[in-house]
Amino acid sequence: MDLDRYLETAVLAAKKAGLMLVQNIGSEKDISFKGDVDLVTNFDKRSQDIIHHTIWDAFPEHDIIAEEGLSKDKGSDFRWVIDPIDGTTNFAHRFPVFCISIALEKEGQPLVGAVFDPLRNELFSAKKEGGACLNEKEIKVSDIQELDKSLLATGFPYDIRESEMNNLDHFSRFAVRCQAIRRCGSAALDLCYVACGRVDGFWELKLSPWDTSAGALMVQEAQGYVTDFHNNIFHSSRHQVLASNGKIHTQMLEVLKLGNI
Ligand code: IPD
Ligand code: CA
Ligand code: CA
């Protein structure tokens, strides 16, 4: 398996799409709604097209799944998993936190991942058993041992208004157990921030493979730990994700157990 070639393609696609997004952050956007608070812009689709064509040119035999309605199932063992803008709400409001997330998976396990934050020019990349990097410099999770001293990240599902499983119960429990919680609006970046030690742990529910696949590999390769809320090892088809530096994982699992999981 040529992991280097896969990663180069993911990086090329993410950078091309990122350039287009940066050029258009101030542009007028066509916004449509998939739900009450779940919006999508015309630039999500444009970003997806750029990434799709770049990957398709290099690997026409591979399967592809991307958030904005793109799904190619050729029966391949390899599947590209793409979020053309992770942080769409931020992008639509010109809040400067969003990224492009691309992973290549084999049987649901990520082999390579690229997450690109085009406004900060930060490229997170990882190869299975090959480590994780931020702009080509190796990254590692933090050394914090106690939940009490930890900075955490999370997010809320788009059905927050309708569903009781909306993470507000976990949020209020963690809020009084850790140092602080951030809600930045991009699950892929949240995972990358665990990988490089900017935050110590991240949890969220009702996520999709395009939110988590690349970022989960980043954490694993940076010597962190990624499971669901029951401590089952990460698989991109699972909707719950708990990622941490490993040292606070059990403490986070205990808090999650108190809620409705
Ligand atoms: C969303 C972001 C957000 C998370 C949501 C995701 P989108 O992805 O990652 O941080 O809380 O659950 O759906 O819609 O911006 O691609
Ligand atoms: Ca997303
Ligand atoms: Ca998206």
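Numbering of residues begins at 1 and proceeds along the displayed sequence. FYI, side chains are in, hydrogens and waters are out, and symmetry mates aren't considered; it's all heavy atoms of this structure. Note that ligands are numbered from 1 as they come in the structure, with each ligand's atoms numbered from 1 the same way.
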Close side-chain approach of [X] and [Y], heavy atoms under 4.5 Å:
| X | Y | value |
| --- | --- | --- |
| L147 | L152 | yes |
| V255 | W203 | no |
| F33 | V40 | no |
| K247 | D143 | yes |
| D211 | S101 | no |

Test of geometry: compute the angle OD1(D86)-the Ca ion (ligand 2)-OD1(D211) and round it to 10°.
100°
Tell me the protein heavy atom at minimum distance from [atom], and give that distance in Å.
| atom | answer |
| --- | --- |
| atom 11 (O) of ligand 1 | E204 OE2, 2.6 Å |
| atom 8 (O) of ligand 1 | D86 OD1, 3.0 Å |
| atom 6 (C) of ligand 1 | D211 OD1, 4.0 Å |
| atom 15 (O) of ligand 1 | G87 N, 2.7 Å |

Any N/O of [X] closer than 3.5 Å to an N/O of ligand 1?
| X | answer |
| --- | --- |
| A188 | no |
| D38 | no |
| G155 | no |
| Y158 | yes |
| P157 | no |
| D190 | no |
| L207 | no |

Going by the order shown, which atoms of ligand 1 are within less than 4.0 Å of some heavy atom of [X]?
| X | value |
| --- | --- |
| A187 | 2 (C), 9 (O), 10 (O) |
| F156 | 11 (O), 12 (O) |
| D83 | 16 (O) |
| G185 | 2 (C), 3 (C), 10 (O) |
| I85 | 16 (O) |

Measuring to the Ca ion (ligand 3), does G87 have an N/O/S atom at a distance below 3.0 Å?
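False for G87.
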Find the distance between CZ (F59) and CZ (R5) and round it off to the nearest 0.5 Å.
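Rounded to the nearest 0.5 Å, the CZ-CZ separation comes out at 3.5 Å.
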If you round to the nearest 0.5 Å, how far is OH of Y6 from CD1 of I55?
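The distance works out to 12.5 Å.
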If you measure only the distance, is there a donor-acceptor pair under 3.5 Å linking the side chains of [X] and [Y]?
| X | Y | value |
| --- | --- | --- |
| T154 | N167 | yes |
| E105 | S236 | yes |
| D44 | S47 | no |
| D63 | S76 | no |

Here's a test for you: under side-chain hydrogen bond (donor to acceptor under 3.5 Å, both in side chains), which of Q240, R238, H249 qualifies with T227?
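Checked Q240, R238, H249 against T227; only one passes side-chain hydrogen bond (donor to acceptor under 3.5 Å, both in side chains): H249.
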Please say yes or no: joined through hydrophobic side-chain contacts below 4.5 Å, possibly via intermediate residues, are L207 and V194 part of one cluster?
yes
Pick one of side chain, backbone, both or neither for how S186 approaches ligand 1, counting any non-hydrogen atom pair under 4.0 Å.
backbone
Heavy-atom distances under 4.0 Å decide this one: backbone, side chain, both or neither, for E67 against ligand 1?
side chain
Give the name of the N/O/S atom in E67 that lies closest to the Ca ion (ligand 3).
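Looking only at N, O and S atoms of E67, the one nearest the Ca ion (ligand 3) is named OE1.
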Return the name of the atom in D83, of element N, O or S, nearest to the Ca ion (ligand 2).
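Looking at D83, the N, O or S atom with the least distance to the Ca ion (ligand 2) is OD2.
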For R183, is the nearest heavy atom under 4.0 Å from an atom of ligand 1?
yes
Do H235 side-chain atoms and S237 backbone N/O form a donor-acceptor pair below 3.5 Å?
yes
